[in-house]
Amino acid sequence: MSVLTIYNSLTRQKEVFEPLHPPYVGLYVCGPTVSGESHLGHARPYITFDVVYRYLRHLGYQVRYVRNITDAGHFEEEGREAEDKIARGAILEKLEPMELVQKYTRLFHWGMQQFNCLDPNIEPTATGHIIEQISMIEDILAKGYAYVVNGSVYFDVVKYAAHYPYGQLSGRVLDELLATTRELEGQEEKRNKADFALWKKAPPQHIMRWKSPWGEGFPGWHIECSAMSTKYLGHPFDIHGGGMDLLFPHHECEIAQSTIAFGEPPVRYWMHNNMITINGRKMGKSYHNVIKLTELFSGQHPLLEQPYHPMVVRFYILQTHYRSTLDFSNEALQAAERGLQRLWEAFDLLQKMATAIPDGQALAPEEKFSSNSLEGRIQQLCADCREAMDDDFNTARVLANLFELVPIVNAAGHHQLAEQLSPATIKLLQQSFSLYLSEILGLQPIQKQDSQLVEALLELLIEIRREARLRKDYATSDRIRQQLQRIGIQLKDEKDGSVTYTFQ
RNA sequence: GGUCCCGUGGCCGAGUGGUCAGGCAGAGGUCUGCAAAACCUUAUACAGCGGUUCGAAUCCGCUCGGGACCUCCA
């Protein structure tokens, strides 16, 4: 039996995963900033960590999955900036911050549902935890690692670095950060460039503001995750995940402020997924290549040749290891679309084969086959799925294994296989597909809902066509098939004389 | 400029020092009234140059190319 190993960004190596308090596991993932519509880039971390969550649960852990919603900060609705400048009265038109946040939170949830991501157990909002953030800041101030300037509070990174290791996670060296020539706005209040804001004083026009011991303002960009993860998962907790772009400064800041506040580093395993790129470039506002989820699913984007089903995107993402960059292209997604269909059709077939097995036979004793026999190979491939998942969630290898099983399944199901598979092996195949494809990787069939009505109508057409074929009236039979093809239904004459269909 | 990562066949992508990745697209075949699907067979590969080794796509060095982070960012 293999054991789960996780690549820890902090130590830059794979480590055996041992939860602090088994069977409980605390999992915190940095959630989206809901100031705009969710995009393709959001798909990667949340699908990645959905699989992490699913797999940990499968291993028997009781996971508390916390994923925040960042709804504090300075928000403007996308595309409205220019408008705002023009009309003074636009303030009336402007969405209430809460309204904006709710709108995009709902859209985000919708997107996650499309991807079949399980809900986190707790989805805390930054605005809902102002008190926790303030008290954590007070704590850091009391310990002497932060200072107040002008109604804002900054974390003293230089002092921190003198007593604690700083920059370990992101490989940063403080002196180099301080030597950076880059000039940024709003830096003048800081004692040092590397310091970061825990609390910011709100300028008069700022619409999101809360009372604090330092005046009206809003929390800094890093404190929410520390305050909320600790509140719900304690300290330290097991796994903290997020995109690689959050390594610095976000997660580095989290480590520093939590270390001061709680006296120890906050997280035991740091996990970071790599970025999605488009034509080799990271997707980002500044590159003007952001594809929103609504655009992705509808195909309404200049870079898209067609709509892509959420499951195709999920599958495509899981076909790459989460720590590799994933380049986006129409060609690759179309290949994924076909591949997923092939995988799913084999799974369907397998379900039918498995239900055809009488109950008693399914419980046949475990047989050991030599590894060079067909059944032995099947056992090996199924077992390797477990190994692959244990090897830092190598979903790509799991899928490759399942693909290798597809021809075997198809051949057996279509009676094209010389030898018969034993009921136990068929059951093993069915269980493996169900477990990995559906339960752990969270994939769902892309086939459109075939309602009973559609099914009945199709049966009728198939019956008419069958009669036509018996009369050798191929004009009629081909016409039925071609017309159905045109509306997206593919008829297939199976070897045994039956007719099956798939939706495209 | 600093830090780090990557470079696998037409495209996408796993991977370990010595044996097949896999998918999509090709090619040939079987089956079929014809299709489709399925099955079988099959070409093309590890950026370049050195080094370590009995042996390297896999380890080391250099070169070239690409990317990420250093700023909100998934």
Side-chain angles (χ1 to χ4, degrees), chain A residues 12 29-33 35-36 38-49 70 73-74 167 170-173 175-177 179-185 187 193-194 221 241-250 252 272-277 280-286 290 315-316 319-321 323-343 345-346 349 388 391 394-404 406-417 469 472-474 477-478 481-482 485 490-495 500-502 504:
Chain A
R12 289 151 203 260
V29 175
C30 285
T33 301
S35 62
S38 300
H39 51 74
L40 178 58
H42 290 110
R44 185 107 195 245
Y46 305 129
I47 289 172
T48 296
F49 288 103
T70 298
H74 186 75
S170 57
R172 275 327 114 94
V173 178
D175 288 342
E176 284 165 3
L177 288 175
T180 307
T181 52
R182 192 158 185 158
E183 282 303 324
L184 296 167
E185 277 179 52
Q187 295 272 35
K193 275 178 189 153
W221 303 288
M244 261 178 54
D245 51 343
L246 298 178
L247 271 166
F248 190 88
H250 186 57
E252 202 69 73
H272 292 91
N273 62 275
N274 217 315
M275 303 286 103
I276 282 180
T277 58
R281 263 245 128 78
K282 182 184 144 176
M283 187 166 68
K285 248 187 194 172
S286 43
V290 176
F315 171 77
Y316 180 58
Q319 246 188 328
T320 307
H321 185 86
R323 282 188 287 112
S324 304
T325 52
L326 173 62
D327 194 48
F328 180 94
S329 69
N330 283 288
E331 202 180 359
L333 271 178
Q334 283 158 17
E337 190 171 44
R338 295 200 186 93
L340 178 58
Q341 175 133 356
R342 177 171 158 83
L343 211 46
E345 278 174 24
L349 185 59
D391 184 10
N394 196 333
T395 56
R397 213 167 95 202
V398 172
L399 286 169
N401 285 348
L402 296 182
F403 268 117
E404 283 206 59
V406 165
I408 300 172
V409 170
N410 282 331
H414 292 120
H415 312 292
Q416 284 165 281
L417 205 59
R469 290 182 72 207
K472 295 208 189 299
D473 176 8
Y474 295 123
S477 73
D478 287 354
R481 189 174 60 197
Q482 279 159 17
Q485 170 102 62
Q490 173 75 58
L491 292 188
K492 297 178 204 168
D493 297 321
E494 299 291 342
K495 256 194 133 179
T500 59
Y501 52 88
T502 52
Q504 287 159 344

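Below, read A as the first sequence line, B as the second, and so on, with proteins coming before strands; counting in each chain starts at 1. In this text the structure is predicted, and so the values were computed from the model without any measurement.
For A38(B), one of the phosphate oxygens OP1 or OP2 lies less than 4.0 angstrom from a side-chain nitrogen or oxygen of Arg342(A). Listed pair His42(A) / A74(B) meets the phosphate criterion, a side-chain N or O lying under 4.0 Å from OP1 or OP2. Put simply, Asn410(A) has a side-chain N or O that comes within less than 4.0 Å of OP1 or OP2 on C39(B). Here Thr33(A) does not reach the OP1 or OP2 of C72(B): none of its side-chain N or O atoms lies under 4.0 Å away.
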field: Summary of protein contacts for nucleotides 25-35 of chain B, nucleotide by nucleotide, where a base hit scores B, a sugar-phosphate-only hit scores S (4.0 Å, heavy atoms)
entry: S-----S-BBB

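Across the C1' atoms, A43(B) and G48(B) are found 25 Å apart, a figure rounded to whole Å. Nucleotides G23(B) and G61(B) are separated by 35 Å at their C1' atoms, to the nearest Å. For G9(B) and C4(B), the P atoms lie 28 Å apart once the distance is rounded to whole Å. When the C1' atom is compared between A47(B) and G66(B), the two are found 11 Å apart, to the nearest whole Å. Going from the C1' atom of C31(B) to that of C39(B) covers 9 Å, rounded to whole Å. A gap of 29 Å separates the P atoms of G13(B) and C72(B), to the nearest Å. If you take atom P in U32(B) and the same atom in A25(B), they sit 24 Å apart, rounded to whole Å. U53(B) and C40(B) have their P atoms separated by 44 Å, given to the nearest Å.
To the nearest 0.5 Å, the span separating CG on Asn273(A) from OG1 on Thr320(A) amounts to 12.0 Å. Residue His321(A) holds its NE2 atom at 12.5 Å from CG of Leu326(A), rounded to the nearest 0.5 Å. Rounding to the nearest 0.5 angstrom, the gap separating the NE2 atom in His250(A) from the OG atom in Ser170(A) is 13.0 Å. Within the model, atoms CE of Met283(A) and CG of Asp327(A) stand 11.5 Å from one another, a figure rounded to the nearest 0.5 Å. Atom CD1 of Ile276(A) sits about 8.5 Å away from atom OH of Tyr316(A), to the nearest 0.5 Å. Here the straight-line distance linking atom NZ of Lys492(A) with atom OH of Tyr501(A) works out to 12.0 Å at 0.5 Å rounding.
Side chain of Pro45(A), nearest nucleotide from A38(B), A14(B), A74(B): A74(B). Closest to the side chain of Phe403(A), out of A14(B), A74(B), G23(B), is G23(B).
Spacing between atom NZ of Lys282(A) and atom C1' of G67(B) amounts to 11 Å, rounded to whole angstrom units. One interatomic measurement links the two molecules: CZ of Phe315(A) to C1' of C12(B), which rounds to 11 Å at whole-angstrom precision. Atom P of nucleotide G23(B) and atom CG of Leu402(A) are separated by 12 Å, given to the nearest angstrom. The CD-C1' distance, from Gln319(A) to G13(B), rounds to 7 Å in whole Å. Rounded to whole angstrom, the span from the NE2 atom of His414(A) across to the P atom of A38(B) amounts to 8 Å. With rounding to whole Å, Arg397(A) atom CZ is found 18 Å from G13(B) atom P. Atom-to-atom, OH of Tyr46(A) to P of C73(B) comes out at 11 Å; the value is rounded to the nearest Å. A straight line from CG of Asn394(A) to P of G13(B) spans 14 Å, rounded to a whole angstrom.
Two residues, Gln334(A) and Tyr316(A), neighbour RNA chain B, and the one matched to the more 5' nucleotide by heavy-atom proximity is Tyr316(A). Mapped onto RNA chain B by nearest heavy atom, Asp245(A) and Leu326(A) fall at different nucleotides, with Leu326(A) at the one closer to the 5' end.
Base pairing analysis places C34(B) opposite nothing; no Watson-Crick or G-U wobble pair with both distances below 3.5 Å involves it. Pair assignment for U42(B) gives G26(B), based on Watson-Crick or G-U wobble hydrogen-bonding distances that are each under 3.5 Å. Figure legend. C62(B) is base-paired to G48(B); pairs are counted as Watson-Crick or G-U wobble with both atom distances under 3.5 Å. Across every strand in view, A68(B) sits in a pair with U3(B) that passes the Watson-Crick or G-U test at under 3.5 angstrom.
Looking at heavy-atom distances under 4.0 Å, Gly41(A) makes contact with a base. Note on His321(A): only backbone sugar-phosphate atoms sit closer than 4.0 angstrom, heavy atoms only; bases stay farther off. Among the atoms of the strands shown, none is found under 4.0 Å from any heavy atom of Leu247(A).
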Write down the protein N/O and nucleotide N/O pairs, taken from nucleotides 2-6 of chain B, whose separation is under 3.5 Å; answer none if there are no such pairs.
residue : atom : partner   : partner atom : Å
G2(B)   : O2'  : Glu176(A) : OE1          : 2.9
U3(B)   : O2'  : Gly171(A) : O            : 3.4

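The closest donor-acceptor contact from the side chain of Glu252(A) to the backbone of Gly167(A) lies under 3.5 Å. Checked by atom type and distance alone, the side chain of Asp391(A) never pairs as donor or acceptor with a backbone atom of Asn394(A) at under 3.5 Å.
Between His42(A) and Tyr46(A), the ring planes lie parallel to each other; the angle is under 30°, not in the 30° to 60° tilted range.
Neither side chain, Gln341(A) nor Glu337(A), offers a donor N or O lying under 3.5 Å from an acceptor on the other.
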message: Run the side chain to side chain contact (heavy atoms under 4.5 Å, CB included) test on Arg44(A) and Asn274(A) for me, step by step, so that the C-alpha distance in whole Å, both residues' side-chain angles and the decisive distance to 0.1 Å come before the verdict.
response: CA-CA 8 Å; Arg44(A) 185 107 195 245; Asn274(A) 217 315; 4.1 Å; yes

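In this view, Ala346(A) and Val406(A), Val409(A), Asn410(A) satisfy the side chain to side chain contact (heavy atoms under 4.5 Å, CB included) rule, not counting sequence neighbours.
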